[in-house]
Amino acid sequence: MASVTHASLALESALRQVAAEIDAQFDRLLEVPDDPRADLYRAMRHAAIGGGKRLRPLLVFATAQLFAVDKTCAARVATALECIHVYSLIHDDLPAMDNDDLRRGKPTVHKAFDEATAILAGDCLHALAFEILGHEATHPDPYVRVELIAELARASGPSGMAGGQMMDLEAEKASFDLATVTRLQAMKTGALISCAVESAAILGRVSPEGRTGLRGYARDIGLAFQIVDDILDAEGDEALVGKKVGKDSAAGKETFLSLLGIDRAREQARMLVDQAIAHLHAFGPEADLLRDVARFTLERDR
């Protein structure tokens, strides 16, 4: 029991530190100008600062420490990934997509401002991600920066997050089987999670062949994370989750939960977490934070 408590405390501490670091990065990058763009910056700050699990940035930091990556470089990559994640949430919440009023416990950007400002805020965060990665402060080697940019572009585009979002929209009109739902979620949710781990390995100059175990780890926690998301959408406390729940069922979407049932879904998530941890067998205690993150996917309530 003591080891579990210690692991939980270590993870909680890491999450707080990463959240503070990412908020500080956004506070610096999104200083509100004294000109007609002010509301655009305020909208970006509204979405980017405060709240959220900061799981993707944490994965960047936790993986980077395996390879003694400079923390400043890791922080820039983590911020770029969070830019993409936040932009996707802004656009996902729009009336043309999921039409949500609440995100991270506060009004969505199009509700707090307006739809046009929300669209532009998302566009600007998307652009900012690549501006960050392209800057020499992220890494002195231009080849590393190019690989980081290519990896994030792949993870966020039609074969990654955006493609998964399109499949999710189609899921409201079609009946998907388990293989299709798995592919959808591996793209929509899993691609950026995998990118976080992969990007840290790129910073550490790990060869593509040397990233196999880390890729397996990221793939498995990405799917486990989504299964738990489906469970929270069905059973979660809206005040804790920070967004409207019960949407998938109301939209008639097939999910891991609807296809597997609650008990099998929970068992599948546990199996995926065990597999993820097994993928880290080549690492010692330096990977304990990654192991804690895997276990966290099962325990979270938001």
Side-chain angles (χ1 to χ4, degrees), residues 22 44 47-48 51-60 63 77-94 96-100 103-104 108-110 118-133 147-172 176 179-202 211 214-215 217-230 232-233 243 247-248 251 253-256 272 293 297:
I22 296 301
M44 287 190 278
K53 295 171 283 293
R54 305 301 196 194
L55 176 69
R56 293 151 194 83
L58 177 60
L59 284 169
V60 174
T63 307
V77 170
T79 304
L81 259 81
E82 194 67 1
C83 282
I84 293 292
H85 179 54
V86 175
Y87 120 75
S88 76
L89 299 181
I90 294 173
H91 283 192
D92 193 33
D93 290 336
L94 288 167
M97 301 276 271
D98 279 1
N99 194 23
D100 271 323
R103 172 69 67 176
R104 293 177 170 178
T108 49
V109 177
H110 70 277
I119 292 167
L120 289 173
D123 291 345
C124 290
L125 285 165
H126 182 278
L128 180 60
F130 295 100
E131 182 181 345
I132 291 168
L133 293 185
E147 191 175 359
L148 289 168
I149 289 168
E151 177 61 27
L152 185 56
R154 181 203 61 76
S156 59
S159 60
M161 181 192 69
Q165 179 63 48
M166 186 67 214
M167 291 179 70
D168 195 44
L169 291 173
E170 289 297 310
E172 296 182 9
F176 287 174
T180 305
V181 169
T182 300
R183 181 176 176 231
L184 184 166
Q185 299 300 352
M187 294 167 67
K188 182 185 175 187
T189 302
L192 274 190
I193 288 175
S194 292
C195 184
V197 174
E198 189 95 10
S199 296
I202 291 169
R211 302 173 201 163
L214 290 169
R215 286 171 177 159
Y217 164 85
R219 180 190 64 242
D220 288 341
I221 67 163
L223 286 174
F225 185 91
Q226 186 57 49
I227 290 172
V228 174
D229 245 19
D230 288 351
L232 289 174
D233 184 69
K243 60 182 180 180
K247 295 187 307 173
D248 290 339
K253 290 182 183 178
E254 299 291 359
T255 66
F256 288 116
L272 286 164
V293 171
T297 62

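Worth knowing before you read on, the calculation uses all heavy atoms, side chains too, and leaves out hydrogens, waters and symmetry mates. What you see is a predicted model; the values in this text were computed from it and never measured.
- Between the D230 side chain and the F256 main chain, a donor and an acceptor come within less than 3.5 Å of each other.
- By the side-chain hydrogen bond (donor to acceptor under 3.5 Å, both in side chains) test, T180 pairs with D177, sequence neighbours left out.
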Next item on the list: Verify side chain to side chain contact (heavy atoms under 4.5 Å, CB included) between D229 and D233, making sure each step is shown before the conclusion.
Entry: CA-CA 6 Å; D229 245 19; D233 184 69; over 6 Å; no
Note to self: Show, in sequence, the C-alpha distance, side-chain angles and deciding distance for L128 and M44, and conclude whether the side chain to side chain contact (heavy atoms under 4.5 Å, CB included) test is met.
What the structure shows: CA-CA 11 Å; L128 180 60; M44 287 190 278; 5.7 Å; no
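- Under the side chain to side chain contact (heavy atoms under 4.5 Å, CB included) criterion, A118 pairs with I90, L94, V109, H110, sequence neighbours left out.
- Taken to the nearest 0.5 Å, the CD atom of Q226 stands 11.5 Å off from the OG1 atom of T297.
- In terms of heavy-atom proximity, S88 sits nearest to M161 at CB-SD, 3.4 Å.
- One finds the OG atom of S199 at 7.0 Å from the CG atom of L133 (value rounded to the nearest 0.5 Å).
- T108 places a side-chain N or O within donor-acceptor distance of the main-chain N or O of D100, the cut-off being under 3.5 Å.
- When all heavy atoms of A218 and I193 are compared, the closest pair comes out as O-CG2, 3.9 Å.
- With rounding to the nearest 0.5 angstrom, the CD1 atom of I84 is 12.5 Å from the OG1 atom of T79.
- Paired with V197 under the rule side-chain contact (heavy atoms from CB on, under 4.5 Å), one option of L59, V60, V293 passes, and it is L59.
- Residue pairs that meet the salt bridge (charged side-chain N to carboxylate O under 4.0 Å, His left out) test with at least one member in residues 148-160, sequence neighbours left out, are E151-R154.
- Listed here is the closest heavy atom pair of A153 and F130: N-CE2, 3.8 Å.
- Every pair passing salt bridge (charged side-chain N to carboxylate O under 4.0 Å, His left out) that includes a residue from residues 185-199 is listed here, sequence neighbours excluded: D168-K188, E198-R211, E198-R215.
- For E170, the salt bridge (Lys or Arg N to Asp or Glu O under 4.0 Å) criterion is met by K173, not counting sequence neighbours.
- Taking CD1 from I22 and CZ from R54, the interatomic distance works out to 6.5 Å, rounded to the nearest 0.5 Å.
- A distance of 11.0 Å separates CD1 of I149 from CD of E131, quoted to the nearest 0.5 Å.
- Nearest heavy-atom pair, D98 versus Q165, reported as atom, atom and distance to 0.1 Å: OD1-NE2, 4.5 Å.
- Smallest separation of non-hydrogen atoms from A80 and A129: O-CB, 3.4 Å.
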Checklist line | Evaluation steps, side chain to side chain contact (heavy atoms under 4.5 Å, CB included), between L232 and V228 | finding: CA-CA 6 Å; L232 289 174; V228 174; 4.2 Å; yes
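- Listed by chain and number, the residues in a side chain to side chain contact (heavy atoms under 4.5 Å, CB included) with L272 are D220, L223, A224, I227, Q268, Q275 (sequence neighbours excluded).
- Residues that satisfy the side chain to side chain contact (heavy atoms under 4.5 Å, CB included) test with A48, not counting sequence neighbours, are F26, L30, V86.
- Taking R56 as the reference, nothing meets the salt bridge (Lys or Arg N to Asp or Glu O under 4.0 Å) condition, with sequence neighbours excluded.
- Distance check, rounded to the nearest 0.5 Å: NE2 of H85 to OG1 of T189 gives 9.0 Å.
- Across A191 and A155, no two heavy atoms sit closer than the pair CB-O, 3.4 Å.
- For Y87, the ring-ring contact (aromatic ring centres under 6.0 Å, His included) criterion is met by H91, H126, not counting sequence neighbours.
- Side-chain contact between L152 and L192 is present, with at least one heavy-atom pair separated by less than 4.5 Å.
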